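Pasting a structure below so you can have a look.
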Amino acid sequence: MERKPLPLLAPAIAAVLAIGPALAGAAGPAAGARDPSIAWQAIPGGQFRSAVRFEEATATLPVASFQLMARPVTNAQFAAFLQRQPQWRRDRVPAVFSSPGYLGHWATPEEPGARLDPDAPVVHVNWYAADAFCREQGARLPDFIEWEYAAAADATRADARGDRQWRLRQVNDGTPNAPDAAPDAAPNVYGVHGLHGAYWEWTGDFSSLLGQGDRRGQDDGDALQFCGGSALAFNDAADYGVVKRFVLLSALQPGATLGNLGFRCARSQP
Amino acid sequence: MKNRHAPLLACALAGAIAAVFAGQAIAAKPAADAAQLPVIQAQLTAPPLVPAPITRKSPAKVVIDLEMVEKEMRLDDGVTYNFWTFGGTVPGSFIRVREGDTVEFKLKNHHSSHMSHNIDLHAVTGQGGGAEATFTLPGRETQFTFKALNPGLYVYHCAMPPVAMHVANGMYGLILVEPEEGLEPVDKEFYVMQGDFYTEGENGEKGLQGFSLEKGIDEKPTYVVFNGSVGALTGDNALEAKAGEKIRMFVGNGGPNLVSSFHVIGEIFDKVYVEGGTKYQENVQTTLIPAGGSAIVEFTADVPGNFVLVDHSIFRAFHKGALGILKVDGEDRPEIYSHQQHDIEYPEGEPQGSQYK
């Protein structure tokens with residue numbers, strides 16, 4: 001097993017991600033077990049001005065072309081994954097990747113049960129399991145900036161963020177009142193559904209969103225002087241949909257599970 | 001491998017790092033002298049109630065358990081709002097400790113919450129007022145300990161980005177740090193806190209109303225209310241006292257935007273502990289309460305009547321909800337206030353008015 005034990009710090013995740021493509025290619029039988037029910041949409045890359053102020057401090061950052069699942073991973077898709085990879089069942093998952101809430105809302109270790117919609121996004125999945133699901137699909141979890149890039153689009157525009165009214169509605173992201181919360185909400189211009197939905201979604205780089213471990217000590221003094229100025233971390237502090245998501249993801253530990261946190265996978269363009 | 005971008009580190013987020021990655025290391029340092037203190041579980045109250053005065057004459061270790069809950073509640077008749085709360089109410093639970101106490105603060109975030117929250121208590125001397133120690137995900141509990149160094153009436157609020165949205169949704173309350181000598185005894189104590197709310201619909205528009213970020217940024221509230229809703233302190237919910245009773249109100253202002261011109265129609269505050277501090281002003285008609293600030297007002301209800309609490313920025317009172325009632329029962333005292341003594345016509349002198357040439 002190539003995974004790193006807890007605590008999984010940013011550099012460790014970066015290392016895991018770096019060998020991700022090689023792993024998927026070498027996975028043998030697992031790589032052949034791709035879920036045909038998953039629809040992928042192409043996201044053409046481009047230069048992007050994130051609402052998050054990344055340390056490069058350049059006006060825009062490059063985002064390479066990638067593919068993103070059209071919808072978040074569903075209960076049914078995750079149950080099928082557990083059939084293929086039963087070591088990720090809540091009653092079998094190794095302790096180091098386990099967490100108390102992991103799939104705890106499912107009726108059984110194998111099935112969500114009748115009280116849950118099979119087509120609803122799976123939640124209470126920790127980062128390890130989400131990562132494993134994506135690897136099995138020859139994919140990976142998206143980076144935060146990839147999510148933000150794809151989520152900047154509305155039904156007709158690749159970057160709709162200049163539309164203030166559209167953006168203001170995103171204050172409800174992560175709740176049932178979010179703009180894309182309804183299952184029949186229109187897809188964005190890439191054909192991707194639910195990026196501003198009722199659920200947060202894991203990103204591959206969630207744990208590095210606050211900077212790398214070895215920089216924390218030396219930056220502490222300066223950074224803390226900005227107290228009350230958390231808006232300083234953002235190019236656009238009024239982009240509440242992004243700010244809320246960023247703040248939530250940045251606090252997660254890889255074993256965390258939440259009732260409104262799901263995931264979808266991305267894959268780099270070959 | 002794609003480009004990896006590391007975001008710029010900044011304040012509250014730096015605190016989160018400490019909490020998330022160094023949690024074990026920072027949590028294991030109890031105050032050295034706290035071990036000998038008696039341990040007391042704080043009794044918190046929902047507004048407009050206030051916990052009983054502290055009778056202790058020495059410091060204690062006070063344990064606070066507070067749970068943050070997001071819930072749909074009434075904002076006005078036929079109008080609901082998704083409030084984010086400390087303890088299930090707006091304003092949040094009232095906390096009462098004593099100067100010199102060591103306060104062990106346990107903060108829970110309900111499993112049903114859609115995002116993380118924290119708390120910044122203005123009574124705390126220390127990083128972020130506790131915010132850096134309480135980055136609390138749904139379903140989690142965080143803890144920190146502080147010593148209540150300064151007496152006074154302090155606001156607490158959520159300081160999780162986007163801070164303004166958390167405050168606008170009702171995440172604020174009051175913590176009283178009683179001075180060592182205690183407060184002068186009174187007959188009634190009340191907890192009143194003003195807040196401004198920003199809904200997508202107009203004032204009075206029925207149904208569940210979403211938060212309007214636009215109105216919040218423009219500082220144009222749809223509602224300005226005491227204790228979290230229109231009518232929270234009127235009708236059956238009016239505050240009640242008896243004539244002759246001495247009354248103390250702990251008044252806070254959660255904001256997020258407006259400053260309150262707090263006034264009780266028909267009363268004069270005998271004392272106002274200005275800005276919730278130690279000094280008092282006497283004989284005050286209207287006291288200014290900043291957003292994120294407080295005042296303690298005291299007066300004796302000499303005569304019966306319905307005394308109206310308002311923000312004297314008066315359109316807010318009559319058009320946006322900032323209005324409450326203190327209903328005082330008892331015997332009239334005509335030597336203080338007679339009620340109407342007559343209503344008669346009086347002879348007109350030199351004719352005046354636009355109808356005359």
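Chain A is the first sequence line, chain B the second, and so forth, proteins listed ahead of strands; every chain is numbered from 1. Here the structure is a predicted model, which means the values were calculated and not measured.
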Item to check | Residues, nucleotides or ligands: over 12 heavy atoms within 6.0 Å of Lys206(B) NZ | outcome: yes

Next on the checklist: Among Pro100(A), Gly174(A), Gly101(A), which residue has the highest count of heavy-atom pairs closer than 4.5 Å to chain B?
Outcome noted: Gly174(A)

Next on the checklist: Is Leu248(A) in contact with chain B via its backbone, its side chain, both, or neither, using a 4.5 Å heavy-atom distance?
Outcome noted: both

Next on the checklist: Rounded to the nearest 0.5 Å, what separates atom CG in Asp173(A) from atom CE in Met115(B)?
Outcome noted: 10.5 Å

Checklist entry - Given Leu208(B) and Asn177(A), is the side-chain contact (heavy atoms from CB on, under 4.5 Å) satisfied, shown in steps? => result CA-CA 10 Å; Leu208(B) 173 63; Asn177(A) 300 311; 4.1 Å; yes

Checklist entry - Could you state the interatomic distance from CD (Glu70(B)) to OG1 (Thr175(A)), rounded to the nearest 0.5 Å? => result 8.5 Å

Item to check | Closest approach of Ala238(A) to Leu213(B) (non-hydrogen atoms, all atoms of both residues) | outcome: O-CD2, 3.6 Å

Checklist entry - So does Arg74(B) have more than 12 non-hydrogen atoms from other groups sitting under 6.0 Å from CZ? => result yes

Checklist outcome for this item: d(Ile217(B) CD1, Leu168(A) CG) to nearest 0.5 Å is 6.5 Å

Checklist entry - Looking only at heavy atoms, what is the nearest atom pair of Val247(A) and Ser116(B), with distance? => result CG1-OG, 4.1 Å

Next on the checklist: Please determine whether the number of non-hydrogen atoms from other residues, nucleotides or ligands lying under 6.0 Å from atom CD of Glu214(B) exceeds 12.
Outcome noted: yes

Next on the checklist: Nearest 0.5 Å, please: how far is CZ in Arg140(B) from CD in Gln253(A)?
Outcome noted: 6.0 Å

Checklist entry - Can you name the nearest heavy-atom pair linking Lys244(A) to Pro162(B), along with the distance? => result CG-CD, 3.4 Å

Next on the checklist: At a 4.5 Å cut-off on heavy atoms, which part of Asn82(B) comes close to chain A: side chain, backbone, both, or neither?
Outcome noted: side chain

Checklist entry - Do you know the tightest heavy-atom contact between His114(B) and Trp200(A)? => result O-NE1, 2.5 Å

